[in-house]
Amino acid sequence: MTRTDDHKTDDTGPSGYAAARLHLLNEGARSGPPRRTALAGLTDDWLTGLFTAAAPTAKGISLVAVGGYGRGELSPRSDLDLLLLHDGSDPAAVAALADRLWYPVWDLGISLDHSVRTPAEARKTAGEDLKVQLGLLDARHLAGDLGLTAGLRTAILADWRNQAPRRLPELQELCAERAERHGELRFLLEPDLKEARGGLRDATALRAVAASWLADAPREGLDDARRRLLDARDALHLVTGRATDRLALQEQDQVAAELGLLDADTLLRQVYEAARVISYAGDVTWREVNRVLRARAVRPRLRAMLGGGKPAAERSPLAEGVVEQDGEAVLARTARPERDPVLPLRAAAAAAQAALPLSPHAVRRMAATARPLPTPWPAEAREQLITLLGSGRPTVDVWEALEAEGLISRLLPDWERVRCRPQRNAVHLWTVDRHLIETAVRASALTRRVSRPDLLLVAALLHDIGKGWPGDHSVAGEIIAKDVAVRLGFDRADVGVLATLVRHHLLLVETATRRDLDDPATVRAVADAVGSESTLELLHALTEADALATGPAAWSTWRGSLVTDLVRRVFAVLAGEHPGTEPEPAAPTAEQERLAIEAHRTGGPVLALRAQAEPGPPEESAETGEPLGVELVIAVPDQPGVLPALAGVLALHRLTVRTGGLRTLRLPDDVDDDGSVLLLDWRVAAEYGSLPQSSRLRADLVRALDGSLDITSRLAERDAAYPRRRGRAAPPPRVTVAPAASHHATVIEVRAQDAPGLLFRIGTALEKAAVRVRSMHASTLGANAVDAFYVTSGTGAPLPPEDATATARVLEEALRA
């Protein structure tokens with residue numbers, strides 16, 4: 001490898017090389033592979049010059065590039081992997097030469113991974129350390145004794161191929177461990193381009209497998225995927241000036257600009273697409289490696305049994321045109337994809353139902369020869385798609401196989417807009433397309449709960465399809481879902497149901513967690529949107545599947561109970577049972593009534609703090625991933641300032657509010673026919689340590705209510721003592737008035753970053769606005785607080801529209817301060 005004439009310099013010292021290197025990196029006309037090649041060539045010439053100047057007549061010594069440098073792929077901040085190879089005849093001369101080579105590299109501040117070994121030592125170290133062996137597979141001669149380098153390369157490759165049955169499982173385990181530590185590159189918002197699964201390390205591992213001659217990766221798109229990741233890393237090095245492989249959020253826009261891309265989302269999408277290609281190639285390659293190794297293990301026994309003959313591969317039928325062979329779903333010998341447009345879906349459904357991988361050769365053949373499906377689809381095609389979607393976890397791998405050859409976008413053209421689309425929301429674990437498949441997987445476990453499992457599964461596949469379009473994704477998705485449903489061959493009624501499910505897939509969970517379910521307007525609005533009991537049944541299952549597929553922060557036993565309660569009420573309305581004109585709160589439990597009476601008689605707050613109580617939300621299991629803490633029930637005589645006082649006391653005691661409810665409780669006539677008590681039923685959890693004693697909470701609440709405890713000052717002192725950690729800036733809070741959400745109160749919605757004292761600040765602002773909080777519903781979703789406050793004027797009436805808007809504006813300004 002030689003550099004171009006425009007970078008030639010007679011100076012083999014650091015300054016000449018540094019100047020030429022800087023010129024190359026700042027040269028805008030050259031980027032990507034040409035720049036990496038040129039940088040490697042420039043470095044080759046410099047190191048060769050150093051070697052020649054230090055040992056002009058050296059024999060039995062050579063300088064070898066290994067690893068990424070050996071492949072000729074130098075990113076702007078890449079380290080140099082070098083091996084000084086010698087025959088062992090003159091150790092002193094080798095040591096002196098090493099100093100004259102390594103020190104100029106260090107003087108430039110370039111990271112150096114170096115070693116000095118004889119061929120025998122190199123082979124021995126490679127046999128003991130897999131990472132060393134992988135680096136030596138890319139060994140490339142730079143200077144000195146070419147025969148010495150060539151001999152080592154030949155020996156290393158021979159060792160690798162001879163030891164492949166032992167070393168390849170070790171390499172596979174190494175890849176799996178790395179994936180466990182760093183995650184899936186194609187789903188991470190801040191991915192490690194090198195170490196995450198589907199990254200550059202995995203691409204290098206696939207090269208090593210190919211060098212073993214035991215198996216080879218699918219080549220289609222693999223080189224291009226690897227190039228895209230290398231280009232992204234180059235841009236990242238130039239933008240940050242550091243040797244980093246982590247694509248941090250704050251640097252993505254600059255990296256995108258360096259690559260000439262539209263924005264950070266476009267960059268992530270390209271990275272995700274590249275990672276998907278490499279991940280799929282890895283899955284196929286390791287499956288083939290394991291198949292070959294199993295075959296080698298049993299072949300001697302079979303030959304002995306069969307007298308040396310070669311056994312014919314067994315083929316078991318799975319579906320028309322599809323058979324099982326060697327643990328894969330493959331095409332039957334009689335299959336004719338060019339005459340059978342349903343075959344891709346039939347093969348995919350059969351593979352998923354049998355929990356088998358779909359052969360990449362079969363997928364490639366079908367992608368190349370299968371005719372497109374007519375519009376609308378024949379009934380068999382629709383049924384095969386539904387079968388595929390209803391197959392549970394095996395659906396994911398089969399879907400990925402179809403994606404790898406572009407079959408999904410051919411079957412569902414609208415899929416292209418959501419494919420590999422990032423979701424910049426920490427609650428979401430997946431890209432949009434993978435989330436849709438995960439939702440179908442979750443929905444497949446709920447099909448026994450609905451009368452139309454086909455509609456549930458298709459709705460799961462399409463519910464976020466609108467995220468590829470501007471505007472509200474539910475509104476856009478409704479339009480797309482209608483088009484797709486017609487293409488799939490559903491009748492007009494089913495098309496309408498699917499469109500409703502997609503349009504309102506967030507309705508139940510948002511209403512259940514942000515609205516007063518005792519208000520008839522709440523239940524009637526949901527009933528009007530859903531329209532029928534069968535659609536409600538489907539929407540209930542879709543809501544659960546969607547939340548479970550989003551991530552652990554999106555679903556819990558308590559949220560599930562809220563949604564179930566809402567669904568029960570809406571079912572009653574749809575069945576003809578109309579609620580009265582006034583909301584009828586749920587009857588208090590005996591303990592709640594006892595606390596209320598005691599609070600009325602003592603004139604002060606009474607509280608109960610316990611791990612579990614009825615009818616509060618059940619304790620979360622370890623599997624939900626979202627513990628809701630303990631139940632705190634407080635009764636206090638109706639008076640101003642209760643909400644900020646309680647919220648402030650909880651913040652002082654470092655208690656996080658998971659959910660919170662507030663309502664007015666009328667006292668029994670035999671106690672006081674005109675009295676009322678505020679009842680607060682909250683779920684709280686300690687930020688760390690143990691829960692405080694209830695007596696301490698009550699004492700501080702009494703002081704907060706009478707004004708002797710200055711909560712604002714105490715919280716300010718604590719915040720000053722513990723400066724905020726730096727991190728990603730959260731979106732600003734948003735406060736809105738929900739129109740027509742209740743006939744009896746004004747509903748103010750608050751969406752903000754969850755933080756200690758947030759409810760205290762909200763309650764204080766509402767108190768200053770001179771509004772009365774009739775009820776509230778607070779919930780925490782990941783790092784986001786989503787709270788709804790039902791407020792009235794002093795007379796108990798809903799706020800006039802202009803007052804409601806002003807109150808929301810004041811509250812938002814208070815939270816932004």
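Since the model is a prediction, treat every value here as computed from it, not as a measurement.
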> Pick one: which of Asp44, Asp113, Asp79 meets side-chain hydrogen bond (donor to acceptor under 3.5 Å, both in side chains) with Tyr69?
Replying inline: Asp44

>> As an exercise, state the distance from CG of Leu268 to CG of Leu247, rounded to the nearest 0.5 Å.
In response: 6.0 Å

>> Please check: side-chain N/O of Asn162 versus main-chain N/O of Ala158, any donor-acceptor pairing under 3.5 Å?
In response: yes

>> Quick one about Thr48 and Asp45 (side-chain donor to acceptor, distance below 3.5 Å, no hydrogens or angles considered), yes or no?
In response: no

> How many angstroms lie between CG in Leu168 and CG in Leu174, if you round to the nearest 0.5 Å?
Replying inline: 12.0 Å

> Looking at OG1 of Thr395 and CD of Gln353, how far apart are the two atoms once the value is rounded to the nearest 0.5 Å?
Replying inline: 8.0 Å

>> side-chain contact (heavy atoms from CB on, under 4.5 Å), that's the test. Do Asp192 and Leu185 meet it? Break it down for me.
In response: CA-CA 7 Å; Asp192 189 308; Leu185 194 158; over 6 Å; no

> Would you say the side-chain atoms of Glu338 pair up with the backbone N or O of Met366, donor to acceptor, closer than 3.5 Å?
Replying inline: no

>> Assess the residue pair Ile61 and Leu97 against the criterion (side-chain contact (heavy atoms from CB on, under 4.5 Å)); give the C-alpha distance rounded to whole Å, side-chain angles, the decisive distance to 0.1 Å, and a yes or no.
In response: CA-CA 10 Å; Ile61 306 176; Leu97 176 58; 3.8 Å; yes

> What are the two closest heavy atoms between Arg365 and Pro337, and how far apart are they?
Replying inline: NH2-CD, 3.5 Å

> Do other residues, nucleotides or ligands put more than 12 heavy atoms under 6.0 Å from Arg161 CZ?
Replying inline: yes

> Below 4.0 angstrom, N of the basic side chain to O of the carboxylate: do Arg227 and Asp223 qualify?
Replying inline: no

>> Which label fits Trp106 and His114: parallel for a plane angle under 30°, tilted from 30 to 60°, or perpendicular past 60°?
In response: perpendicular

> Mind checking what makes salt bridge (charged side-chain N to carboxylate O under 4.0 Å, His left out) contact with Arg276, not counting sequence neighbours?
Replying inline: Glu400, Glu403, Asp433

> Less than 4.5 Å apart, any side-chain heavy atom of Pro104 and any of Trp46?
Replying inline: yes

> Just by modelled atom types, is the Leu200 backbone N or O under 3.5 Å from a matching donor or acceptor in the Thr204 side chain?
Replying inline: yes

>> Between Arg233 and Asp245 (salt bridge meaning N to carboxylate O under 4.0 Å), is one present in this structure?
In response: yes

> At their closest point, which heavy atom of Thr285 faces which heavy atom of Ala281, and how far apart are they?
Replying inline: OG1-O, 2.7 Å

> Taking it one step at a time, do Glu251 and Arg246 satisfy salt bridge (charged side-chain N to carboxylate O under 4.0 Å, His left out)?
Replying inline: CA-CA 10 Å; Glu251 288 144 5; Arg246 183 168 298 281; over 6 Å; no

> So, are Arg35 and Glu27 salt-bridged, with charged N and O less than 4.0 Å apart?
Replying inline: no

> When rounded to the nearest 0.5 angstrom, what is the spacing between NE2 in His237 and CZ in Arg77?
Replying inline: 9.0 Å

> Val396 versus Val441: any side-chain heavy-atom pair under 4.5 Å?
Replying inline: yes

> Does the ring centre of Trp415 sit less than 6.0 Å away from the ring centre of Trp399?
Replying inline: yes

>> Before you tell me yes or no, could you show the steps for Asp231 and Arg36 under side-chain contact (heavy atoms from CB on, under 4.5 Å), namely the whole-Å CA-CA distance, both residues' side-chain angles and the distance that decides it to 0.1 Å?
In response: CA-CA 9 Å; Asp231 288 351; Arg36 287 190 291 275; 2.9 Å; yes

>> Quick check: closest heavy atoms across Thr431 and Pro422, and the distance to 0.1 Å?
In response: CG2-CA, 4.4 Å

> Hey, are Asp202 and Arg178 close enough for a salt bridge, meaning a charged N less than 4.0 Å from a carboxylate O?
Replying inline: yes

>> Ignoring hydrogens, what is the shortest heavy-atom contact between Ser115 and Leu83? Give both atom names and the distance.
In response: OG-CD1, 3.3 Å

> So do the side chains of Ile278 and Leu222 get within less than 4.5 Å of each other, counting heavy atoms only?
Replying inline: yes

> Would Arg228 and Asp224 count as a salt bridge (charged side-chain N to carboxylate O under 4.0 Å, His left out) if you check the C-alpha gap in whole Å, the side-chain angles of each, and the deciding distance to 0.1 Å?
Replying inline: CA-CA 6 Å; Arg228 286 180 181 274; Asp224 184 63; 3.2 Å; yes

> Do NZ/NE/NH1/NH2 and the carboxylate oxygens of Arg287 and Glu328 come within less than 4.0 Å?
Replying inline: yes

>> So, using ring pair (Phe, Tyr, Trp, His ring centres under 6.0 Å) as the criterion, who are the partners of Trp430 when residues are at least two apart?
In response: Phe187

>> Please report the interatomic distance CG(Asp397) to CG(Leu402), rounded to the nearest 0.5 Å.
In response: 11.0 Å

>> Tell me the closest heavy-atom pair linking Asp81 and Gly67, and the distance in Å.
In response: OD2-CA, 4.0 Å

> Does a sphere of radius 6.0 Å around CD in Glu128 hold more than 12 heavy atoms from other residues, nucleotides or ligands, not counting ones at 6.0 Å or beyond?
Replying inline: yes

> Does Asp145 pair with Lys59 as a salt bridge, N-O distance under 4.0 Å?
Replying inline: no

> Are Glu121 and Lys124 close enough for a salt bridge, meaning some N to O gap below 4.0 Å?
Replying inline: no

> Heavy-atom distance under 4.5 Å between the side chains of Leu63 and His141, does that happen here?
Replying inline: no

>> Do Val255 and Leu259 have side chains that approach each other closer than 4.5 Å (heavy atoms only, starting at C-beta)?
In response: yes

>> Could you walk me through whether Ser62 and Leu146 satisfy the side-chain contact (heavy atoms from CB on, under 4.5 Å) test, starting with their C-alpha distance in whole Å, then the side-chain angles of each, then the deciding distance to 0.1 Å, before giving a yes or no?
In response: CA-CA 7 Å; Ser62 66; Leu146 177 61; over 6 Å; no

> Quick one: salt bridge (charged side-chain N to carboxylate O under 4.0 Å, His left out) partners of Arg207, sequence neighbours excluded?
Replying inline: Asp138

> Among Glu324, His361, Arg315, which one satisfies side-chain contact (heavy atoms from CB on, under 4.5 Å) with Val330?
Replying inline: Arg315

>> Can you confirm whether Arg364 sits close enough to Pro360 that some side-chain heavy atom of one is under 4.5 Å from a side-chain heavy atom of the other?
In response: yes

> Would Arg393 and Glu438 pass as an ion pair if we require N to O under 4.0 Å?
Replying inline: yes

> So, does Thr52 use its side chain to make a donor-acceptor pair with the main chain of Gly49 at under 3.5 Å?
Replying inline: no

> Is any NZ, NE, NH1 or NH2 atom of the basic residue among Glu184 and Arg434 found under 4.0 Å from an Asp or Glu carboxylate oxygen of the other?
Replying inline: no

> Given side chains that start at C-beta, do those of Pro119 and Leu85 come closer than 4.5 Å, heavy atoms only?
Replying inline: yes

> Which heavy atom in Cys420 sits nearest to a heavy atom in Tyr272, and how many Å separate them?
Replying inline: O-CD1, 3.4 Å

>> Quick check against the 3.5 Å criterion: does Arg197 have a side-chain atom that pairs as donor or acceptor with the backbone of Ala179?
In response: no

> Rounded to the nearest 0.5 Å, what separation is found between the CG atom of Leu358 and the CD atom of Glu405?
Replying inline: 10.5 Å

> Considering only heavy atoms from C-beta outward, does the side chain of Leu193 approach that of Val271 to under 4.5 Å?
Replying inline: yes

